[in-house]
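FYI, the numbering just counts along the sequence from 1.
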Amino acid sequence: MIEPFPKDWELLSFFECDPKNQDEGLVLFDSQRETCRVRCEIWKLECEVLLRWWLHELPAGQLKLRWVQSMELTTGEGVEAMVITFREPCLLPLRFQLKPTVCLEWGTEWYP
């Protein structure tokens, strides 16, 4: 299970839309920001996240994330981002920003 996990109101504020589907297994958001569309599928119990985004209706990126350990939303100074951590220590936290623009930061490091 993904823990800690954002509260429902935090997810609504981050994606600026209601979930398309929400049950115990899946939470799905499909958000439109000007020329950018972001779709996020979260399987909290299975520790999986699927992120897809489009620019000007053209595919711009897709991440299939497994072994997700935690998910937190950060805000401040006009920036909003989702930070995802993983069970494996060699996988650095992934930062997926929606405001002011869509931006992705992620990396790996040598396994200790």
Side-chain angles (χ1 to χ4, degrees):
M1 176 180 284
I2 301 173
E3 196 62 43
F5 189 78
K7 293 177 174 57
D8 290 345
W9 67 267
E10 291 176 306
L11 290 167
L12 291 171
S13 176
F14 182 72
F15 289 107
E16 296 182 351
C17 67
D18 291 324
K20 298 286 185 186
N21 178 38
Q22 188 170 12
D23 60 33
E24 293 215 11
L26 171 66
V27 181
L28 168 62
F29 289 92
D30 201 336
S31 179
Q32 185 74 37
R33 306 279 180 98
E34 297 179 12
T35 60
C36 183
R37 177 182 168 210
V38 174
R39 183 178 175 101
C40 181
E41 300 174 21
I42 306 167
W43 287 273
K44 185 178 177 183
L45 299 175
E46 288 83 5
C47 301
E48 296 182 7
V49 176
L50 175 61
L51 281 170
R52 290 185 273 184
W53 61 99
W54 296 260
L55 294 173
H56 303 284
E57 299 183 18
L58 298 172
Q62 176 173 296
L63 293 173
K64 295 178 183 179
L65 308 171
R66 293 188 173 86
W67 297 351
V68 173
Q69 181 172 342
S70 70
M71 178 184 292
E72 296 183 64
L73 302 178
T74 62
T75 60
E77 299 182 16
V79 176
E80 295 183 6
M82 173 188 300
V83 179
I84 296 173
T85 62
F86 299 90
R87 291 182 189 172
E88 291 297 320
C90 62
L91 299 175
L92 298 175
L94 178 142
R95 186 175 177 278
F96 187 72
Q97 177 182 299
L98 285 184
K99 279 186 178 179
T101 60
V102 174
C103 181
L104 175 69
E105 295 176 30
W106 194 26
T108 60
E109 65 183 4
W110 293 106
Y111 194 76

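In this structure, Glu57 places its CD atom where only 12 or fewer heavy-atom neighbours from other residues, nucleotides or ligands lie under 6.0 Å away.
Taking Thr74 as the reference, Ala81, Val83 meet the side chain to side chain contact (heavy atoms under 4.5 Å, CB included) condition, with sequence neighbours excluded.
Each of Arg37, Lys20, Arg52 was evaluated against Asp30; a single residue qualifies, Arg37, per the salt bridge (charged side-chain N to carboxylate O under 4.0 Å, His left out) test.
Annotation: side chain of Phe5 is in contact with side chain of Leu11 (closest heavy-atom distance under 4.5 Å). At least one side-chain heavy atom of Met82 sits under 4.5 Å from a side-chain heavy atom of Phe15. The closest side-chain heavy-atom distance from Ile84 to Phe96 is not below 4.5 Å. For the pair Val49/Leu51, a side-chain contact is recorded, criterion being any heavy-atom separation below 4.5 Å from C-beta on. Two residues are said to be in side-chain contact when any heavy atoms from C-beta on lie closer than 4.5 Å; Cys36 and Leu55 meet this criterion. The shortest distance between side-chain heavy atoms of Trp43 and Val68 does not fall below 4.5 Å. The shortest distance between side-chain heavy atoms of Ser70 and Thr85 falls below 4.5 Å.
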Practice item. Could you give me the CA-CA distance, side-chain angles and deciding distance for Gln97 and Val79, then say whether side-chain contact (heavy atoms from CB on, under 4.5 Å) is met? Key: CA-CA 7 Å; Gln97 177 182 299; Val79 176; 3.5 Å; yes
Check your understanding: Given Leu98 and Arg33, is the side-chain contact (heavy atoms from CB on, under 4.5 Å) satisfied, shown in steps?
Key -> CA-CA 8 Å; Leu98 285 184; Arg33 306 279 180 98; 3.6 Å; yes
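With rounding to the nearest 0.5 angstrom, the CE atom of Met71 is 11.5 Å from the CD atom of Glu3. Rounding to the nearest 0.5 angstrom, the gap separating the CD atom in Glu34 from the NE2 atom in His56 is 9.5 Å. Considering CG of Leu65 and CD1 of Ile42, their distance stands at 10.5 Å, rounded to 0.5 Å.
Applying the salt bridge (Lys or Arg N to Asp or Glu O under 4.0 Å) test to residues at least two apart or on different chains, the pairs with a partner in residues 65-85 are Glu48-Arg66, Glu80-Lys99.
Trp67 places no side-chain N or O within donor-acceptor distance of the main-chain N or O of Cys47, the cut-off being under 3.5 Å. The backbone N or O of Phe14 lies less than 3.5 Å from no partner atom in the side chain of Glu10, so there is not a single donor-acceptor pair.
Nearest heavy-atom pair, Trp106 versus Leu92, reported as atom, atom and distance to 0.1 Å: NE1-O, 2.8 Å. Closest of all the heavy-atom pairs between Val27 and Phe29 is CG1-CE1, 3.3 Å. Taking each heavy atom of Gln62 and Lys64 in turn, the nearest pair found is NE2-CE, 3.2 Å. Across all non-hydrogen atoms, the minimal contact from Thr108 to Leu91 is CG2-CD2, 3.9 Å.
The hydrophobic cluster around Met1 extends to Leu45, counting ILVMFWY residues whose side-chain heavy atoms fall within less than 4.5 Å of a member.
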